[in-house]
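Note sheet for the following structure.
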Protein chains: 2
Amino acid sequence: MTVTESARSPRRRTPRNTLNPDRILDAALALLDRDGPEAFTMRALATELGVGTMAVYSHFRNKDEINDAVNDRLLSEIELPAPAGCAPCDQIIELCRSVYRLFSEHPAALPLLTSRPMRGDEAVAVIDRQLGLLLAAGLSPADAARAQVVIMQYTVGSALWAVRRRQAELGGCDEQAGVRRQIQDRLAEAPADRYPSLTGLVPELTAAQDGGIELYEQGLKGLLRGLLGG
Amino acid sequence: MTVTESARSPRRRTPRNTLNPDRILDAALALLDRDGPEAFTMRALATELGVGTMAVYSHFRNKDEINDAVNDRLLSEIELPAPAGCAPCDQIIELCRSVYRLFSEHPAALPLLTSRPMRGDEAVAVIDRQLGLLLAAGLSPADAARAQVVIMQYTVGSALWAVRRRQAELGGCDEQAGVRRQIQDRLAEAPADRYPSLTGLVPELTAAQDGGIELYEQGLKGLLRGLLGG
DNA sequence: ACCTGAACACCGTTCAAGT
DNA sequence: ACCTGAACACCGTTCAAGT
């Protein structure tokens, strides 16, 4: 029997006992989604697994490697649209909505977004699909590449915004819970002479800041109109 | 010229000795820009100031308060365009370029972006100006508010992307320096049958990912075309 | 081979004490 | 009032040792 060498990774096969990479990733994801990114600690992860703190290091080199693996697993949950369906532009929107939803619903994805750029095969698969759809929509290779990057930048920014808002809403233990209302008050009390345009637009602005995925889609459509229709 | 009372803050005036909030903020900004966000430590900040670790706590309640103050100071460096100049759309682009440049050049701004939403008067001033320009461009109040949020989301996402890329480029101490080349290799070695669209577009894609402020401006113009021209 | 406990070098912050 | 040093409760990770 040929022994498949694990590619320059120190972890070996057959973790015969209680622990294995999949179980660790499950626990990591559960911990992240339940208690938030700042509670994702090697010690907390080990406790979640009912194991000593250092047991995890037998399967992953360090915390960054776990982050990358969680990243890859999350990306793999994105359902790629069927290659041939409706118009390319609609497929792009649907795919981007999936990416936005993933990032926005899983606070776990936030730190990995913030840290290293796309790693893992699943991220590459998403990029490939986006590029294919942009080419199908009639863009030149260079324009398609630029559009793909711009779209991802907008998607990341929007999802980051949404997550940040949701985190600000709760989390206030010593502060009162209504941080959003607090911001609204801050805007409302802004002097009219210093901020002439803002005054009176506070309701519209707070509504827009809570736009969520609907605002994302509206902005995306505008972006696509500008990038494709040009 | 009116005496502004320090609002419910425990710090008093006339810190007669060596330390004061301005000096602390100078040191914090220098530390952040020189050594990066992860090196911004209360202990390192005190060392930079040539002072005991706890001295800073006489002027700021905690690290978050320093972060907010740094945020505010950075935002204040944005030069607001003259109220009446060229066309509103061009003024928007110029203002947004300033914001992008600030975020992209100061890695210090990154953590505050990632953490809490806009705090401080300077951020409000930027928002007010953007809203005014969008209204001047002919948008309804609700549309202007939505457009402002979308534009900021795109700006934050793009700047985050740029900073992240630059951080990935250096930082590799044990790894080799060319992480960008490494990613390029990852993309190039992607099998053509799994990623049909990506194959052959690697040069275009890496060029787009290094697009920087020029790509940002191009995407912004597309976005504005879609939002205004619609 | 997989897992453990102790230990190291950090971090933000509290607290009692100096001046 | 401003600043200090020791201490506390964390963190990621190394290391020698168990099985």
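All chains are named by letter (A, B, ...) in the order of the sequence lines, taking the proteins before the strands, and each is independently numbered beginning at 1. Remember, it's a predicted structure, so these values are computed and weren't measured experimentally.
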Do you know which two heavy atoms are closest between [X] and [Y], and how far apart they sit?
X      : Y      : value
B/A159 : B/Y100 : N-CE1, 3.6 Å
B/V149 : A/A208 : CG2-CB, 3.8 Å
A/S104 : A/V163 : O-CG2, 3.7 Å

Nearest-Å distance for atom pair [atom1]/[atom2], residues [X] and [N]:
X     : N      : atom1 : atom2 : answer
B/L49 : D/dC3  : CG    : P     : 10 Å
A/N20 : C/dA1  : CG    : P     : 18 Å
B/F40 : C/dG12 : CZ    : C1'   : 12 Å
B/E38 : C/dC10 : CD    : P     : 15 Å

### Query
How long is the gap from CG on B/L220 to CD1 on B/I151, to the nearest 0.5 Å?
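One finds 6.0 Å between CG of B/L220 and CD1 of B/I151.
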
Using a cutoff of under 3.5 Å, can you pull out all pairs of nitrogen or oxygen atoms linking the protein to nucleotides 13-17 of chain C, with atom names and distances?
| from | atom 1 | to | atom 2 | distance (Å) |
| --- | --- | --- | --- | --- |
| C/dT13 | OP2 | B/Y57 | OH | 3.0 |
| C/dT13 | OP2 | B/K63 | N | 3.1 |

### Message
Can you tell me if B/T18 touches the phosphate of D/dC2, counting only side-chain N or O atoms and a distance under 4.0 Å to OP1 or OP2?
### Response
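Answer is no, no contact under 4.0 Å.
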
### Query
Taking only N and O in the side chain of A/H59, is any of them less than 4.0 Å away from OP1 or OP2 of C/dA1?
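So the side chain of A/H59 is outside the cut-off, no N or O lying under 4.0 Å from OP1 or OP2 of C/dA1.
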
### Query
So which nucleotide from D/dC11, C/dT4, D/dC2 ends up closest to the side chain of A/V51?
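Selected nucleotide (nearest to the side chain): C/dT4.
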
### Query
Do any pairs count as a salt bridge (Lys or Arg N to Asp or Glu O under 4.0 Å) and have a residue in residues 50-59 of chain B, sequence neighbours left out, and if so which ones?
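Those involving residues 50-59 of chain B do not exist here.
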
### Task
Hey, could you give me each pair passing salt bridge (Lys or Arg N to Asp or Glu O under 4.0 Å) that has a residue in residues 48-60 of chain A? Not counting sequence neighbours.
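Residue pairs passing salt bridge (Lys or Arg N to Asp or Glu O under 4.0 Å), neighbours aside: A/R34-A/E48.
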
### By salt bridge (charged side-chain N to carboxylate O under 4.0 Å, His left out) - contacts of A/E204 (at least two apart)
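None.
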
### Pair pattern of DNA chain D in dot-bracket, where unpaired bases get dots and | marks partners in another strand, Watson-Crick or G-U under 3.5 angstrom
||.|||||...|||||.||

### Task
Using side-chain contact (heavy atoms from CB on, under 4.5 Å) as the criterion, list what pairs up with B/D26, not counting sequence neighbours.
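Residues passing side-chain contact (heavy atoms from CB on, under 4.5 Å) with B/D26: B/R73.
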
